[in-house]
Undergrad: 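Input: one structure, supplied below.
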Amino acid sequence: MINVLIVRTSSMGDLIHTWPAITELLAHYPNLRLSWMAEENFCDIAGLHPGISDVIPIAWRRWRRSLLSPATWSEIGALRARLRATHWDCVLDSQGLVKSAIPARLAGGTLVGYDRQSIREPLASLLYDKKMAVSRKLSAIERNRQLFGRAFGYQIDGAPCFGIGKGERPNWLLVDNYAVLLHATSRESKEWPESSWVELGAWLNTQGIQSILPWGNERERVRALRLAGAIDGAVAAPRLRLREAAGLLGHARAVIGVDTGLTHLANALDVPLAAIYTDTDPALTGVVETPYARNLGHAGVCPTPHEVQTVLQAIWSGA
């Protein structure tokens, strides 16, 4: 068995964008044993892919707040010992940042990554043993696929395949016909107006579809409750772990989401999806468009509820 360590530590969407490359790699080399080093808060996402044998947590986001602490250095030492306990035939850093290249170097295997023209932080490429040229104009998913293919010597072919299953349907759901409204994102400029969510929720009600509103922090919880109060029959979800969120998304009649990791997770689960972009370019970070998934909007262009409704009707009708 050939041991390969994938290093992609964060964020959620970036990890999800790595899944198609993993699926493709294993299709070419089924004898690989893949492990993944990821931020401790995203280990569930890494572990959702059935081709991953082991997930190794790293806590850089927590460690950087207390780098002088003996406890921090003790944890870093434990990570290094765990990494060195395995002989790695290849360590592949698909993140391309100094914060990923340094812990990747700790693993001790041949380290592969992007060359300095292909990377956001050229300094990281100095740490790689083998460097691959991949255009920065490609989408995140295609960059990962190209990096993996060039590292292991095969040609990229066909549409990306995420390779994960739908998971278990949450037992707290009281209805089968529901839509998940992913209203929360990392910054306000990516948000969709609350009035648009309310209008969309009212229309979903006319289709016999209940609106479910997940959240991840206190601000998002308050908004979820506010939106649920404004949409007949809507429900603010309980706090969900990532695996539970995957089960919720995977069994939905539709998912409507802004530019956030859970929207990309819905894309990977191949459920009817309308992805809303207001401040970013979907050509670079959008969902993979399929018969079930469409991107709407652009940086500075906010789609209307009617446009979302039209897209969902087209997806449901198979147009």
Side-chain angles (χ1 to χ4, degrees), residues 11-13 16 170 172-175 177-242 244-267 269 271-282 285-287 292-316:
S11 59
M12 186 192 305
I16 292 167
W172 53 265
L173 276 172
L174 301 179
V175 297
N177 207 24
Y178 66 91
V180 182
L181 278 52
L182 299 174
H183 57 95
T185 185
S186 58
R187 62 177 188 260
E188 290 186 17
S189 59
K190 294 183 182 181
E191 292 176 358
W192 204 38
E194 289 192 23
S195 59
S196 295
W197 287 115
V198 172
E199 184 176 338
L200 177 66
W203 175 78
L204 289 168
N205 252 339
T206 69
Q207 310 300 304
I209 300 173
Q210 184 182 41
S211 296
I212 308 294
L213 296 138
W215 51 274
N217 59 38
E218 182 60 20
R219 177 175 176 270
E220 294 166 4
R221 185 185 73 85
V222 170
R223 184 172 56 215
L225 290 170
R226 187 166 59 243
L227 289 171
I231 301 169
D232 284 346
V235 173
R239 181 181 286 277
L240 301 172
R241 292 181 59 84
L242 289 175
E244 295 168 332
L248 174 68
L249 296 170
H251 296 272
R253 179 81 170 91
V255 176
I256 305 92
V258 291
D259 184 6
T260 186
L262 289 180
T263 299
H264 294 285
L265 180 54
N267 190 207
L269 293 165
V271 296
L273 170 64
I276 297 169
Y277 290 83
T278 62
D279 190 48
T280 46
D281 183 359
T285 59
V287 302
Y292 290 100
R294 309 282 174 83
N295 291 307
L296 297 95
H298 203 281
V301 179
C302 185
T304 66
H306 179 70
E307 289 175 307
V308 175
Q309 294 166 27
T310 301
V311 162
L312 290 176
Q313 288 173 319
I315 292 172
W316 289 333

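Predicted model, so just to flag it, every value in this text is computed and none were measured.
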Undergrad: Ignoring hydrogens and geometry beyond distance, is a side-chain donor-acceptor pair present between Thr280 and Asp259 at under 3.5 Å?
TA: yes
Undergrad: For atom OH of Tyr178, decide whether the heavy atoms of other residues, nucleotides or ligands shown that lie under 6.0 angstrom number more than 12.
TA: yes
Undergrad: Is a donor on one side and an acceptor on the other found under 3.5 Å between the side chain of Gln210 and the backbone of Gly233?
TA: yes
Undergrad: Let me confirm one number: the OG-CG distance from Ser195 to Leu200, rounded to the nearest 0.5 Å.
TA: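 If I round to the nearest 0.5 Å, the distance is 11.5 Å.
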Undergrad: Is any side-chain N of the basic residue among Glu218 and Arg223 closer than 4.0 Å to the acidic one's carboxylate O?
TA: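 No, Glu218 and Arg223 are not salt-bridged.
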Undergrad: With side chains defined as the heavy atoms from C-beta onward, is the minimum distance between Ser186 and Lys190 less than 4.5 Å?
TA: yes
Undergrad: So how far is it from Asn295 CG to Thr285 OG1, rounded to the nearest 0.5 Å?
TA: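 So the gap between those two atoms works out to 8.5 Å.
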Undergrad: Which atom names give the shortest non-hydrogen contact between Thr278 and Pro303, and what distance separates them?
TA: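 Shortest heavy-atom separation between Thr278 and Pro303 comes out as CG2-CD, 4.3 Å.
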Undergrad: Minimum heavy-atom separation for Ala266 to Leu249, with atom names?
TA: N-CD1, 4.1 Å
Undergrad: Is there a side-chain contact between Leu262 and Met12, using heavy atoms and a 4.5 Å cut-off?
TA: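 Counting from C-beta outward, Leu262 and Met12 do come under 4.5 Å.
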Undergrad: So Val180 and Pro214, do their side chains get closer than 4.5 Å, heavy atoms only?
TA: yes
Undergrad: Any sub-3.5 Å donor-acceptor pair from Arg294's side-chain atoms to Leu273's backbone N or O?
TA: no
Undergrad: Measure the acute angle between the ring planes of Trp203 and Trp316, then classify it against the limits of 30° and 60° as parallel, tilted or perpendicular.
TA: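 Parallel: the ring planes of Trp203 and Trp316 meet at under 30°.
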Undergrad: Is there a side-chain contact between Ile212 and Leu173 in this structure, where contact means two heavy atoms from C-beta onward sitting under 4.5 Å apart?
TA: yes
Undergrad: So, do Pro238 and Leu240 sit near enough that their side-chain heavy atoms are less than 4.5 Å apart?
TA: yes
Undergrad: For the residue pair Val258 and Thr263, what are the closest heavy atoms and their distance?
TA: O-OG1, 2.6 Å
Undergrad: Donor-acceptor pair, distance only, cut-off 3.5 Å: does the side chain of Glu199 make one with the backbone of Ser196?
TA: no
Undergrad: With a sphere of 6.0 Å drawn around CZ of Arg187, does it hold more than 12 non-hydrogen atoms of other residues, nucleotides or ligands?
TA: yes
Undergrad: Are side-chain heavy atoms of Ile209 and Val175 found at a separation under 4.5 Å?
TA: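 No, side chains not in contact.
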Undergrad: With side chain to side chain contact (heavy atoms under 4.5 Å, CB included) as the criterion, how do Arg226 and Glu194 come out once you've worked through the C-alpha distance, each side chain's angles and the decisive distance to 0.1 Å?
TA: CA-CA 9 Å; Arg226 187 166 59 243; Glu194 289 192 23; 2.6 Å; yes
Undergrad: Of all heavy-atom pairs between Ala228 and Ala236, which one has the smallest distance, and what is that distance?
TA: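 Heavy-atom minimum between the residues: CB-N, 4.0 Å.
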Undergrad: Just one of His183, Glu220, Arg221 clears the side-chain contact (heavy atoms from CB on, under 4.5 Å) bar with Leu213, so which one?
TA: His183
Undergrad: Do Trp192 and Val308 come close enough that some side-chain heavy atom pair is under 4.5 Å?
TA: yes
Undergrad: Check whether any side-chain heavy atom of Val301 sits under 4.5 Å from a side-chain heavy atom of Tyr277, and report yes or no.
TA: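 Counting from C-beta outward, Val301 and Tyr277 never come under 4.5 Å.
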Undergrad: Of all heavy-atom pairs between Leu204 and Leu181, which one has the smallest distance, and what is that distance?
TA: CD1-CD1, 3.8 Å
Undergrad: Between CD1 of Ile276 and CG of Leu182, what distance do you get to the nearest 0.5 Å?
TA: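 One gets 9.5 Å once the value is rounded to the nearest 0.5 Å.
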